[in-house]
Amino acid sequence: MSQTKPIIILVPRPGAWHEPDIFDPVTTVLQSLGYKTVSVSLPSVGASLPRMTSSPTSTLRKPGTSQYEIVEDGMEIMTFFPITTLCNDLPRDAAERYAPGLKRQSYKVFASKQTYAAWRHVLTTYLYTEKDVALPIRYQKMMVKGSGVNIATEIFDSGHSVFLAIPERSQIRSEER
């Protein structure tokens with residue numbers, strides 16, 4: 001009896017500012033290995049959301065002291081330096097190609113109570129990225145440990161956008177699961 005390969009669902013990290021097509025390099029690799037892939041669009045990315053009653057300015061640092069800025073009415077966040085923050089280990093031409101596609105991220109993602117976490121109910125792999133300047137590895141490990149869920153992990157010598165930097169290696173856990 002042949003074993004059916006799982007469907008691989010790719011979801012940007014919370015606050016990742018990415019549209020689903022950012023995963024195209026890794027989905028191409030996975031599909032060439034016979035996997036069906038689905039890249040998910042998060043509703044908070046690039047969305048216009050209702051106003052909040054409190055401001056994120058007390059939580060986030062002001063421009064010049066942080067990797068991020070609070071934009072417009074204080075309800076959205078955008079990275080100051082997308083090329084050096086999210087694409088820091090990509091070749092310059094690739095970073096300049098992908099950085100303009102980043103969208104603003106709703107502050108509510110960072111400030112709202114989570115109501116449902118799909119990753120608690122499906123096999124999940126987190127790709128630790130050692131050169132990540134947007135989300136240093138110590139915080140990545142705190143998130144995974146704090147989840148209370150048995151999450152498979154893989155460590156990569158990569159920046160935040162591992163799926164762009166080394167897509168051929170980003171699928172390693174899918175082969176093992």
Side-chain angles (χ1 to χ4, degrees), residues 8-32 35-52 55-57 59-112 118-119 124-140 143 154-172 174:
I8 307 294
I9 302 171
L10 297 128
V11 181
R13 298 178 209 202
W17 299 279
H18 297 296
E19 294 287 348
D21 62 352
I22 200 76
F23 291 120
D24 287 352
V26 80
T27 58
T28 300
V29 172
L30 289 167
Q31 290 168 359
S32 75
Y35 290 93
K36 179 177 173 153
T37 63
V38 177
S39 298
V40 177
S41 178
L42 297 176
S44 58
V45 176
S48 177
L49 297 173
R51 298 180 71 77
M52 292 174 47
S55 171
T57 55
T59 306
L60 296 174
R61 291 176 285 172
K62 296 290 185 190
T65 63
S66 174
Q67 296 280 349
Y68 311 100
E69 68 177 316
I70 301 163
V71 294
E72 291 184 5
D73 63 358
M75 297 300 114
E76 295 176 326
I77 302 168
M78 186 63 182
T79 181
F80 275 136
F81 312 107
I83 290 176
T84 57
T85 305
L86 302 176
C87 303
N88 60 305
D89 64 334
L90 296 180
R92 186 72 181 189
D93 63 326
E96 289 174 352
R97 185 172 61 249
Y98 288 110
L102 296 171
K103 305 290 184 200
R104 291 181 175 175
Q105 176 69 43
S106 167
Y107 173 73
K108 289 186 103 175
V109 169
F110 300 98
S112 299
W119 48 265
T124 301
T125 300
Y126 189 95
L127 308 181
Y128 289 130
T129 49
E130 294 182 308
K131 294 179 181 174
D132 195 331
V133 296
L135 186 62
I137 194 164
R138 70 178 177 272
Y139 296 114
Q140 297 172 50
M143 287 186 334
E154 185 73 25
I155 298 175
F156 289 89
D157 183 32
S158 173
H160 190 79
S161 301
V162 63
F163 43 86
L164 295 175
I166 47 175
E168 66 285 349
R169 291 217 41 240
S170 299
Q171 53 77 34
I172 192 167
S174 66

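Please read these numbers as outputs of a predicted model, since none were measured by experiment.
Every side-chain contact (heavy atoms from CB on, under 4.5 Å) that K36 has, sequence neighbours left out, goes to I7. Applying the side-chain hydrogen bond (donor to acceptor under 3.5 Å, both in side chains) test to S39 and every residue at least two apart in sequence or in another chain returns nothing. Every residue two or more places apart in sequence or in another chain that forms a salt bridge (Lys or Arg N to Asp or Glu O under 4.0 Å) with D157 is listed here: K131. Among residues two or more places apart in sequence or in another chain, the salt bridge (Lys or Arg N to Asp or Glu O under 4.0 Å) test is passed with E96 by R92. By the side-chain hydrogen bond (donor to acceptor under 3.5 Å, both in side chains) test, N88 is found to be paired with no residue, residues two or more places apart in sequence or in another chain being considered.
R138 contributes atom CZ, which lies 14.0 Å from atom OH of Y128 (distance to the nearest 0.5 angstrom). The structure places CG of D93 at 10.0 Å from OH of Y98, a figure rounded to the nearest 0.5 Å. Rounded to the nearest 0.5 Å, atoms CG (L164) and OG (S158) are 9.0 Å apart.
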Can F156 and I166 be said to form a side-chain contact (heavy atoms from CB on, under 4.5 Å), step by step? CA-CA 9 Å; F156 289 89; I166 47 175; 3.5 Å; yes

Show every donor-acceptor pair shorter than 3.5 Å between a side-chain atom in residues 20-28 and any protein atom, with sequence neighbours excluded, or say none if there are none.
{"unit_1": "T27", "atom_1": "OG1", "unit_2": "F23", "atom_2": "O", "d": "3.3"}
{"unit_1": "T27", "atom_1": "OG1", "unit_2": "D24", "atom_2": "O", "d": "3.1"}
{"unit_1": "T28", "atom_1": "OG1", "unit_2": "D24", "atom_2": "O", "d": "2.8"}

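Residues A134 and T85 approach most closely at CB-CG2, 3.5 Å, considering heavy atoms. The two residues A95 and P100 come nearest to each other via the heavy atoms O-CD, 4.4 Å. Across all non-hydrogen atoms, the minimal contact from V133 to P136 is O-CD, 4.3 Å. Counting all heavy atoms, side chain and backbone alike, Q140 lies closest to T129 at OE1-N, 2.9 Å.
L90 places none of its side-chain heavy atoms less than 4.5 Å from the side chain of R97. Side-chain contact between E154 and Y126 is absent, with no heavy atoms from C-beta onward closer than 4.5 Å.
Side-chain N or O atoms of D89 include one that pairs as donor or acceptor with a backbone N or O of G159 at under 3.5 Å. With T37 contributing its side chain and I8 its backbone, the two residues share no donor-acceptor pair below 3.5 Å.
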